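Heads up: the structure comes next, in structure tokens.
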Amino acid sequence: MSADSTNLFGALFDTPPVRQVVPVLVPLPAPGPYSYAVPEGMHVEAGSVVQVPLGPRQVIGVVWDGDNDDKLDPKKLRPITLAFDCPPLSAEMRRFIEWVAGYTLSPPGLVARMAIRAPAALEPEPMIEGLRYVGGQPERMTPARARVLQQVDEDLPWTRMGLAHAAGVSTSVIDGLTQQGLFETVFLPPPPVVAKPDPDYTAPRIEGPQKEAAREIVDLVKQGGFSSSLIDGVTGSGKTEVYFEAIAETLRQRKQVLILLPEIALTSSFLERFQDRFGAKPGEWHSDLSPRIREKVWRGIVTGEVQVVAGARSALFLPFENLGLIIVDEEHDPAYKQEDRVFYNARDMAVVRARIGDFPVVLVSATPSVESQVNAQAGRYHLVHLPTRFGEAALPDLHLVDMRRHPPERGGFLSPVLLRAIGKTIERGQQSLLFLNRRGYAPLTLCRVCGHRFQCRQCSSWLVEHRFRNQIQCHQCGYSEPTPEACPECGTFDHLVACGPGVERIAEEVERHFPDARTIVMSSDLLGGVKRLRLELEAIARGDADIVIGTQLVAKGHNFPLMTLVGIVDADLGLANGDPRAAERTFQLLNQVTGRAGRTGLKSHGLLQTYQPQHPVMQAIVSGDPGAFYEREITERERAILPPFGRLASVIVSAETRADAEAHARALRAAAPPVSGISVLGPAEAPLALVRGRHRFRLLVHGRRTSEMQDFLKKMVSQGPKVRGTVHVQIDIDPQSFL
DNA sequence: AGCACGCCGACT
DNA sequence: GTCGGCGTGCTC
């Protein structure tokens, strides 16, 4: 029954009107919605976005479905302050929020909050004032007035400023003409944030195997309804062009499209690529959008005016008016995982959203995650394989360098094989990239006399020497101090010894061997920040360097046309760091780095220095076949995350000490839960939490049956053992339970 | 999540 | 004697 009929009823029979009571999800970690009274004359329905009093403040909430808590006296309920003039969240959106809350064991109010994150956008944007020429001539013609009249016609309205600018006059000329009745004021809808993309702006740029792939995906879009696909194709195989065709088809159906990207991939180059194909940029959604733009984009999405959104993971919770397709590009990227407040993996939740909304979802990667690979193999995801690079781009020839057979000289880290290859590349006038995912000079510094190791006083990890800036730094929490000349333990001078390589040390070695080569070190802590970084990248692309030595950041984006040699200094690095995904991550990272070479057709090579040439990851990389990695013998730890064998949940315990985390783990084991294993990972494995100055230890919980696991974890969160700190739960499994 | 209330250390 | 640390509890 609507509010109006209730009131009418009350008026007719002269009884006090029944106060309507509705449940409202408020942004609190409460288990369910709170009840509020609806003031007379206000209309709300399930999904309405409202402002309600909560304690001393006003918050934004969403009117929810279901019954109210009837233990509360309706007379004592506080009234809704305001119903925003924006479309209510759809039933689908509400179902999605409920599902995510249940699955991630998060309070629904906090999940709902992610959907209405642009509070100022909740009121419609004000119309802008325009001037329309109604005809006639001014009392006295002047040159300035003539210029204005030359610009206008009777159909198209102008803004006051815009017209003044176009006519080259000041606004007072316009005001004068308006006063004489030559213009009338009209109200114009605010201009859209982005232009409408046109599916037929340019022809599809697909050829060869891409055509078949695009047809498969487009057919799924045409067919309508839910489907989930995985496009698996090497770097440069044209994955983007293929999914652009699915986007074009969805646009023709007048439905909205969401392209999820890891934040780092949301670059202008992606947006331009999109614009080249569709004639307009997509709407953007990421964390450092200005509030003004954020508002406009949000409103455009809610009204359906913005048809394509390219966004980071948070874009998944935007209340689209008519969403018809989700693309998850770089689906393996760990940035899709939010480990804060609501713990979720946007890639998995995208599949859920598509299932609930009954439309297709397409995951895309050159190095699919283990889960997606398994889902594709099991037939749950439709697999689209793009095996080769197309056009002039050729994949580099990859070889392993067995470091036991080709050891580097004493004190060095580059094998003779790699050094020779660098030399030849320089002779050809081409560039080499040496990749080592380690900043600084050396990962560990110790005193040769007393064995003292430099340790961070805040978080117990080793301090890393940075010779270029003469500092020792903690790479976990950012702590730094000047490099001491004497050992702080025994006072001996000049006896500090560096252990292991960092990029700075490799640079030193390279300069020793190639004193005349132009060498650049690229690392995220480079002095000069983003600006200098961009300049250096451009310089490299121009050919102003012979050897580039870089950490992870050289793996992303950017094309270097002259780069024909990639040397991986330590391919084994990262294979044994305690993370159950170590092998997978290494495979993905090294694939990305070697993919940097050969992008413009020059014959190129990759050399991977390794002590474990027989390792499945190494074999998979050189054979260029991810299958070699995925189909290998699976380790016990990995088995737990593979859907057919079991499930994994990672439980984050924030505790000051390892002892607290271990106490928690003990209590969990004692509770005889439906889990097969619990292990404690130290703060080094949870660097994100450490940055915020708090030691967070992570418990990995392995188990099998989802519902039982869910119940167990739910219980653990609500009445778990008492330890210092908070317990968060992240179910880190694939979302197959609803497929 | 915010925000208030409330109980123990270093200062005007 | 106060200011202020953050531990605990509450919000329809």
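The shown structure was predicted, so the numbers you read here are calculated from the model rather than taken from an experiment. For the numbers below, each heavy atom of this structure counts, side chains included, while hydrogens, waters and symmetry mates do not. Chain letters run A, B, ... following the sequence lines, proteins first, then strands; residues in each count from 1.
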Worksheet item: Is it true that the side chains of A/Ser287 and A/Glu263 contain a donor and an acceptor less than 3.5 Å apart?
Response: yes
Sequence neighbours excluded and cut-off under 3.5 Å, please list the side-chain donor-acceptor pairs for residues 321-329 of chain A, or say none.
from     : atom 1 : to       : atom 2 : distance (Å)
A/Asn322 : ND2    : A/Arg254 : O      : 3.1
A/Asp329 : OD2    : A/Tyr243 : OH     : 2.8

Whole angstrom value for the distance that separates [atom2] of [N] from [atom1] of [X]:
{"X": "A/Arg113", "N": "C/dT11", "atom1": "CZ", "atom2": "C1'", "result": "15 Å"}
{"X": "A/Gln58", "N": "B/dG2", "atom1": "CD", "atom2": "C1'", "result": "14 Å"}
{"X": "A/Tyr34", "N": "B/dA1", "atom1": "OH", "atom2": "C1'", "result": "11 Å"}
{"X": "A/Arg78", "N": "C/dC12", "atom1": "CZ", "atom2": "P", "result": "5 Å"}
{"X": "A/Leu28", "N": "C/dC12", "atom1": "CG", "atom2": "C1'", "result": "10 Å"}
{"X": "A/Ile60", "N": "C/dT11", "atom1": "CD1", "atom2": "P", "result": "22 Å"}
{"X": "A/Arg57", "N": "B/dA1", "atom1": "CZ", "atom2": "C1'", "result": "7 Å"}
{"X": "A/Lys76", "N": "C/dC12", "atom1": "NZ", "atom2": "C1'", "result": "12 Å"}

Fill in: Donor-acceptor under 3.5 Å (A/Gln256 side chain, A/Ile301 main chain)
yes
Considering only distance and modelled atom types, tabulate donor-acceptor pairs under 3.5 Å from the side chains of residues 312-319 of chain A, sequence neighbours left out.
from     : atom 1 : to       : atom 2 : distance (Å)
A/Arg313 : NH1    : A/Ala335 : O      : 2.8
A/Arg313 : NH1    : A/Lys337 : O      : 3.3
A/Ser314 : OG     : A/Trp285 : NE1    : 3.4

Worksheet entry | A/Pro56 side chain, from C-beta outward: closest of C/dT11, B/dA1, B/dC3 | B/dC3
Worksheet item: Base, sugar-phosphate, or nothing: which does A/Pro53 touch, judged by heavy atoms less than 4.0 Å apart?
Response: sugar-phosphate
